[in-house]
Number of protein chains: 2
Amino acid sequence: MLLFQIDPHSGVPVYRQVMDQVRYHLAAGTLAPGRQLPSIRELARSLAVNPATIVKAYSELAHLNIIEIRHGRGAFIHPDPPVMPADERRARLRQLTNQLVVEARQLGAGEKEIRDALEQTLNEINPEPPET
Amino acid sequence: MLLFQIDPHSGVPVYRQVMDQVRYHLAAGTLAPGRQLPSIRELARSLAVNPATIVKAYSELAHLNIIEIRHGRGAFIHPDPPVMPADERRARLRQLTNQLVVEARQLGAGEKEIRDALEQTLNEINPEPPET
DNA sequence: ACCGGTGTATTACAACACTAATACAGTGGC
DNA sequence: GCCACTGTATTAGTGTTGTAATACACCGGT
């Protein structure tokens, strides 16, 4: 199973595609907290990009407390994800939904259509961590 | 009533803040289709930025078919918004909700919390265009 | 035709983004 | 201690982004 896959022609920066995929897999449960990520060189080689590009992706993720990098050891999904105060989280959520709704309405989508899309996505992204 | 307000220190480019606000007001009904926008120079002066910055914002919006620019006349909210094919729209919506859910889960938000935030936003942004 | 409003085109430039190359440094099994 | 693996630091080049300055062109009322 190929965890990482990028499109060099998509216009979105490689390092950001990598970041997005790590975050997606974390949200979807494909990558559980504590799990080791591919090494910088290995991932760079398999994606055919310069190692520094992966360094950037990993560094940003580490700065977001999403992964943890240990010198000489490797990079790992952060064991205990950062907790954000409920209020702050609420504010951020509103910001995100606001963006969503503004653009959705621009597309001509009705309320139901928006809700449905959300439901589908919620359904698709396995929310509950698999109880091993 | 001040329609436009920017924060030069927010890190997000001024031209993009302007774009976002136009789109927001359009979605919220504050700016109805056909309505005239402030002229480039006027808005530039009132925001204390270079006119070229507003030019960029307006141009991008025009390119998105959100506004219409008429040489010598001014800029206007596009009278009839572009319609996007339902499938394409659905795909785009899914992309947006995906982003939302991934980040929301990163914040530790549960499904209910996400749904609630969306409901609040839907409620806040007046969805039905005022039937004149 | 004029004039004061409107948008347009060209050019410039500093800052930043993105990727790359290369040499350095920690870690752990042998 | 060595070696093969890990991440780190430094430097740099290329392109794009974001803003600005200036001169040009259209529109409509007079």
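Chain A is the first sequence line, chain B the second, and so forth, proteins listed ahead of strands; every chain is numbered from 1.
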Per the side chain to side chain donor-acceptor pair (under 3.5 Å) rule, what does the pair list look like for residues 76-91 of chain B, sequence neighbours excluded?
Glu113(A)-Arg89(B), His78(B)-Asp80(B)
Applying side chain to side chain donor-acceptor pair (under 3.5 Å) to Arg70(A) and not counting sequence neighbours gives none
Quickly work out the Ile54(A) CD1 to dG7(D) C1' distance and round it to whole Å.
13 Å
Can you name the side chain to side chain contact (heavy atoms under 4.5 Å, CB included) partners of Ala86(A), sequence neighbours left out?
none
Which heavy atom in Ile77(A) sits nearest to a heavy atom in Pro33(A), and how many Å separate them?
CG2-CA, 3.5 Å
ILVMFWY clustering at 4.5 Å (side-chain atoms), partners of Phe76(B):
none
Using whole Å, what does the distance between atom P of nucleotide dC18(C) and atom CG of Leu47(A) come to?
17 Å
Tell me which pairs pass side chain to side chain donor-acceptor pair (under 3.5 Å) where either residue lies in residues 54-69 of chain A, with sequence neighbours left out.
none
Which whole-number value in Å describes the distance from Phe76(A) CZ to dT6(D) P?
11 Å
For nucleotides 22-24 of chain C, list the nitrogen or oxygen atoms of the protein found under 3.5 Å from its nitrogen or oxygen atoms, one pair per line.
none

d(CG, Leu43(A); P, dA20(C)) in whole Å
13 Å
Nearest heavy-atom contact between Thr97(B) and Ala117(A) is OG1-O, 3.7 Å
Take the protein atom CG of Leu37(B) and the nucleotide atom C1' of dG7(C), then report the distance between them rounded to whole Å.
13 Å
Enumerate the residues from residues 60-72 of chain A whose closest heavy atom to DNA chain D is under 4.0 Å, giving them by residue number; use none for an empty result.
Ile69(A), Arg70(A), His71(A), Gly72(A)
Gln120(B): partners by side chain to side chain contact (heavy atoms under 4.5 Å, CB included), with sequence neighbours left out:
Arg94(A)
Between P of dT19(D) and CE of Met19(B), the distance in whole Å:
13 Å
Side chain to side chain donor-acceptor pair (under 3.5 Å) pairs touching residues 3-24 of chain A, sequence neighbours excluded, are Ser10(A)-Gln17(A), Arg23(A)-Gln106(B)
If you pin Val49(A) and Pro38(B) to their nearest nucleotides in DNA chain C, which one's is more 5'?
Pro38(B)
Shared-cluster residues of Met84(B), by chain and number - hydrophobic side chains joined below 4.5 Å:
Leu107(A)
Would you tell me if any nitrogen or oxygen in the side chain of Ser39(A) comes within less than 4.0 Å of OP1 or OP2 on dC5(D)?
no
May I have the distance from Ile40(B) (atom CD1) to dT19(D) (atom C1'), rounded to whole angstrom?
15 Å
Show me the donor-acceptor pairs, under 3.5 Å and distance only, between side chains in residues 34-54 of chain B and residues at least two apart or in other chains.
{"unit_1": "Gln36(B)", "atom_1": "NE2", "unit_2": "Arg73(B)", "atom_2": "O", "d": "3.4"}
{"unit_1": "Ser39(B)", "atom_1": "OG", "unit_2": "Glu42(B)", "atom_2": "N", "d": "3.1"}
{"unit_1": "Ser46(B)", "atom_1": "OG", "unit_2": "Leu43(B)", "atom_2": "O", "d": "3.3"}
{"unit_1": "Asn50(B)", "atom_1": "OD1", "unit_2": "Ala52(B)", "atom_2": "N", "d": "2.8"}
{"unit_1": "Thr53(B)", "atom_1": "OG1", "unit_2": "Asn50(B)", "atom_2": "O", "d": "3.4"}

Relative to the 5' end of DNA chain C, which residue comes earlier, Val55(B) or Arg73(A), by the nucleotide with the nearest heavy atom?
Val55(B)
Which atoms of nucleotides 10-18 of chain D (N or O only) lie under 3.5 Å from a protein N or O atom, and what are those distances?
{"unit_1": "dG18(D)", "atom_1": "OP2", "unit_2": "Tyr15(B)", "atom_2": "OH", "d": "2.7"}

Between atom OH in Tyr58(A) and atom P in dA9(D), what is the gap in whole Å?
17 Å
